[in-house]
Amino acid sequence: MHRNMHDTFRPMYWKGGRLHLLDQRLLPHEEHWLAYDNAFSVAEAIRDMVVRGAPAIGITAAYAVVLAARDAWRRAGEAWREAIEPALQALAAARPTAVNLFWALDRLRGRFAGITGDPEPALLEEARALHEEDIAANRRMGALGAELIGSVAGVLTHCNTGSLATGGFGTALGVVRTLWQRGQVGTVYADETRPWLQGSRLTAWELVQDGIPVTLVVEGAAASLLGSGRVQWVVVGADRIAANGDVANKVGTCNLAVLARHFGARFMVVAPTSTIDPQAKDGSAIPIETRAPAEVLGCAGRAVAPEGAGAWNPAFDVTPAQLVDAIVTERGVVERPAERGGVASLL
Ligand code: MRU
């Protein structure tokens, strides 16, 4: 698929029968690739944040199913459909909030019945298709989002929703990338996104890599930034969108939505339809991952809190649909989802 100077890299690839992942824990200091030939190790990689971001997790899991099927075929031959189950369960248990993980596993599983003989070629074809479709969806959302925004002095984004978080190009960051390519944005602000620093470590790295200037802010500066009038749109991704348009995304997203509404900026969510969970009626049905307190009590491997302090570490929050001005998907845009009965029209 075509790339250009503002879209230069992909976070995973399949080569030589193995899945290769860029280790995102080491960025921005080191670009180190890890190779996997075992689905259980890939499940660990997802859990441990080697790869993260909802669509990237789904694509990684799809390639992991190929590895699991190869192993199951070697061990059990025609009984591979039973033998693969433990690996599928390990993948499904890797992280709970990003629905793209379960969506991808279901899609690959949907191919099982039609396969005769060695399952690897058919499942690899499916995983590759899913990967390419994700990039195409991102490009489409980039165009739709940029059209809705038009020309702006500033946008603020949260976490990392770019090439690193997807099959390539990005969701919210794909809109930012498109705005930049078209000369439609003045300043791109990214907040640092504690505790994993996806904003400063990943979004800033990715934008610098792709020649797009970025201005980092600490999350606590968001009110000052939005109050100053320098930002007209907050543009974020999603890990799961409920049927009514409530949005689960990286913790801190809801803060930005509240601030945007208060200060008169607009709030856009950009996500492929694989991030919509029609089973979740509203945000209260979305499982929110709680991660280890150690991630809050320390930073970059060093303690930043005294021994004896505790921490609560929810990795995501839910933004009510009422605070969302637009949900952009590859199938189209829903403006003010709360007034339109959610996102059902997209499915
Ligand atoms: O914990 P992470 O880094 O996996 O969280 C990622 C996010 O919250 C992203 O905003 C979301 O997955 C959308 S990525 C296109």
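For clarity, every value in this text was computed on a predicted model and none was experimentally measured. Both ligands and their constituent atoms are indexed starting at 1 by order of listing.
At a heavy-atom cutoff of 4.0 Å, ligand 1 is contacted by no atom of Ala271, backbone or side chain.
Between Ala315 and ligand 1 there is no heavy-atom distance shorter than 4.0 Å. Under the 4.0 angstrom criterion for non-hydrogen atoms, Ala98 is not in contact with ligand 1. Distances shorter than 4.0 angstrom occur between a heavy atom of Phe316 and an atom of ligand 1. Judged by the shortest distance from any of its heavy atoms, Glu289 lies outside the 4.0 Å radius around the atoms of ligand 1. Within the 4.0 Å heavy-atom cutoff, Arg95 counts among the residues contacting ligand 1.
Look at Arg109 and Glu85 and you find a salt bridge, because one of the NZ, NE, NH1 or NH2 atoms lies within 4.0 Å of a carboxylate O, short of that distance. By the 4.0 Å N-to-carboxylate-O rule, Glu289 lies close enough to Arg291 to be salt-bridged with it. In this structure, Arg139 pairs ionically with Asp7, as a charged nitrogen and a carboxylate oxygen lie closer than 4.0 Å.
In terms of polar-atom proximity, His158 is not counted as a contact of ligand 1, lacking any N or O under 3.5 Å from an N or O of the ligand.
Ranking protein heavy atoms by distance to atom 13 (C) of ligand 1, first place goes to Ala238 O, 3.4 Å. The protein non-hydrogen atom at the shortest distance from atom 15 (C) of ligand 1 is Thr171 OG1, 3.1 Å. Nearest non-hydrogen protein atom to atom 7 (C) of ligand 1 is Asp239 OD1, 3.2 Å. In this structure, the protein non-hydrogen atom closest to atom 10 (O) of ligand 1 is Asn249 OD1, 2.6 Å.
Taking every heavy atom of Ala165 and a limit of under 4.0 angstrom, the matching atoms of ligand 1 come to 14 (S), 15 (C). Distances below 4.0 Å separate heavy atoms of Thr166 from the following atoms of ligand 1: 15 (C). Of all atoms in ligand 1, listed by their number and element, those nearer than 4.0 Å to a heavy atom of Thr161 are 10 (O), 14 (S), 15 (C). Shown in contact with Gln198 at under 4.0 Å from a heavy atom are these atoms of ligand 1, numbered in order with element: 1 (O), 2 (P), 3 (O). Residue-ligand proximity, Ala54 to ligand 1, at heavy-atom distances under 4.0 Å covers atoms 12 (O), 14 (S). Each of the atoms 1 (O), 2 (P), 5 (O), 8 (O) of ligand 1 lies under 4.0 Å from some heavy atom of Lys250.
At distances below 3.5 Å, not a single donor-acceptor pair connects side-chain atoms of Arg240 with backbone N or O atoms of Ile288. A donor-acceptor contact shorter than 3.5 Å is absent between the side chain of Thr178 and the backbone of Ala146. At least one donor-acceptor pair under 3.5 Å links the side chain of Glu206 to the backbone N or O of Leu164. Judged by distance alone, the side chain of Asp191 and the main-chain N or O of His158 form no donor-acceptor pair under 3.5 Å.
In summary, the aromatic rings of Trp233 and Phe267 are positioned with their centroids too far apart to meet the 6.0 Å limit. Taking the centre of each ring, Phe9 and Trp205 come in below the 6.0 Å mark.
Inspection of the Thr97 and Asp239 side chains reveals no N or O donor paired with an N or O acceptor under 3.5 Å.
A cation-pi contact links Arg177 to Phe169, judged by a cut-off of 6.0 Å to the six-membered ring centre and 45° from its axis.
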